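Quick note: numbers below take in every heavy atom, side chains included, and nothing from hydrogens, waters or symmetry partners. Small disclaimer: the values here were computed from a predicted structure and weren't measured. Lettering follows sequence order; numbering is per chain, from 1.
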There are 2 protein chains.
Amino acid sequence: MSTILMKSRGLAAERLADVLREDILSGRIASGERLGEVALAERFEVSRGPVRAALNLLNEAGIVTIVPNSGARVRELGRADARALYEVRAALEAEAAMLAAARAGPETAALFGDLLDQHAGEIAAHPEGAYLQGAGDRDFHMVIARMADNPIILRYLARELYPQLSLLRVKHRNVTGRGAKALNEHKRIAAAIADGDAEVAGLLMRRHIRNSWTALEAQLSETAKEME
Amino acid sequence: MSTILMKSRGLAAERLADVLREDILSGRIASGERLGEVALAERFEVSRGPVRAALNLLNEAGIVTIVPNSGARVRELGRADARALYEVRAALEAEAAMLAAARAGPETAALFGDLLDQHAGEIAAHPEGAYLQGAGDRDFHMVIARMADNPIILRYLARELYPQLSLLRVKHRNVTGRGAKALNEHKRIAAAIADGDAEVAGLLMRRHIRNSWTALEAQLSETAKEME
DNA sequence: TTCATCAAGATTGTTGACAATTCTTTCTCC
DNA sequence: GGAGAAAGAATTGTCAACAATCTTGATGAA
């Protein structure tokens, strides 16, 4: 079992939530599956108190749904959820790009250059184009979110929207082959941000997210059919 | 005491959270004040379990901060928090306005007409211009958020950003006199939405939020000075 | 006076048992 | 045979006590 019980310091609930989140986003616990409190308490050798707290944490993140008096299950994201997710992503990431452009300094261009060169290498190594799913794509967007210097945007993206996105991809086995195209879009966004051009950066980011959505939507329709 | 203990059904934690939120946003419990678990448990005649759950709920809403092993306090929002808040508001409400415009039907114009007429009456009755703070302004923005038909946007606005905004206003005794101007801006936004003009609706909404921020920012500087 | 140390008190984190609710199964009746 | 009701099992909600941690105040030395 991968459950290493490092009884280190810190809230027990957060450690449990970390392990559970990893289990869910890696697909070890499937969408819709029950998350009984006693079962989890036994597995982690802990009482039900911290387990409840951990489930609440995952509920905040939007990857678990809790029905009062009934229990917690891994959330099942449908097409409508995915659409809503991408609408919010477009708004928040475009805003983040605009803010990042406003805060860009002389060293910004070099920073993006290094990052994107590294990503180009990853894509060359895996031509299948798992880029969009791997650490690369997420990294690029996270760098911008951090540059925006807005704790709320950062929290929404990192703690809620991205986990839900991962859950969506695990469920629908999404592996877009958009790697090379996405990288190109990233380059143009980076250039606009480094130039301090907030308006264009926001516009390009919004378009980038929309393209990502179109690609995902197509796959959603497919797996929806083969799932019936 | 206003604490009516209706032992009706539903999670105890949610009832507690409702009462506490009301206490905080009305100013009965001040910013920075401690929220000891035992004290709350005694006050509500309940054990510490539900109290902890309620505090976590308010922590999600962003009006309470919880420091592990130390406790919960009413959150103290500073200028940086306010700025971040308005940046996110601008992004999300502009998106909501765009989505609302895309979903507008033939009855939309009449709906906004009734709502804004009512608001005009309220302003006439209270020329001081408490409009921005009262139910009126909030209503207008909530109607648009609901029209957007996006559960995530609605949750972020109604459950997190607006409560934090109220907390900010309570702390700084903010009573903007922007009533008449705000109403005018509302009218133009409503017209754009009813026309199905997403682009203009988004633009006007973004400008409207920015104006609101400028007005608030001025007051923040004032109370910041008189608070030292 | 100021700083560090330490002990007492207070507060949160966790636990296991009990109460209330929901879900499942079975039985009865039509 | 199927629909509905009722009993049973399983699960969540709540509680009160215990353990771990932090905060506070006093004490003493530099």
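- The shortest distance between side-chain heavy atoms of B:L40 and B:L20 falls below 4.5 Å.
- The shortest distance between the side-chain N/O atoms of A:R52 and the OP1/OP2 oxygens of D:dG13 is below 4.0 Å.
- Screening residues 59-82 of chain B for ring pair (Phe, Tyr, Trp, His ring centres under 6.0 Å) gives no qualifying pairs among residues at least two apart or on separate chains.
- With sequence neighbours excluded, no residue forms a ring-ring contact (aromatic ring centres under 6.0 Å, His included) with B:Y162.
- Regarding A:L55, its CG atom lies at a distance of 14 Å from the P atom of D:dT11, rounded to whole Å.
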Sequence neighbours excluded and cut-off under 3.5 Å, please list the side-chain donor-acceptor pairs for residues 50-59 of chain A, or say none.
unit_1: A:R52; atom_1: NH1; unit_2: A:E37; atom_2: OE2; d: 3.0
unit_1: A:N56; atom_1: ND2; unit_2: A:R52; atom_2: O; d: 3.4

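- Within residues 31-42 of chain A, the residues that place at least one heavy atom under 4.0 Å from DNA chain D are, in residue-number order, A:R34, A:G36, A:E37.
- Counting only residues at least two apart or on different chains, the salt bridge (Lys or Arg N to Asp or Glu O under 4.0 Å) pairs with a member in residues 151-166 of chain B are A:R155-B:E160, A:E160-B:R155, B:R155-B:E160.
- For A:D18, the side-chain contact (heavy atoms from CB on, under 4.5 Å) partners are A:R21, not counting sequence neighbours.
- A heavy-atom distance below 4.0 Å to DNA chain C is reached by these residues of residues 63-73 of chain A, ordered by number: A:N69, A:S70.
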Could you give the side-chain donor-acceptor pairs of residues 143-154 of chain B under 3.5 Å, partners two or more places apart or in another chain?
unit_1: B:N150; atom_1: OD1; unit_2: B:I152; atom_2: N; d: 2.9
unit_1: B:N150; atom_1: OD1; unit_2: B:I153; atom_2: N; d: 3.1
unit_1: B:N150; atom_1: ND2; unit_2: A:A84; atom_2: O; d: 3.2
unit_1: B:N150; atom_1: ND2; unit_2: A:E87; atom_2: OE1; d: 2.7

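- Between B:R48 atom CZ and D:dC18 atom C1' the separation is 11 Å, expressed in whole Å.
- Side chain of B:L11, nearest nucleotide from C:dT14, D:dT14, C:dT15: D:dT14.
- Scanning for ring-ring contact (aromatic ring centres under 6.0 Å, His included) contacts around A:Y156 gives B:Y156, with sequence neighbours left out.
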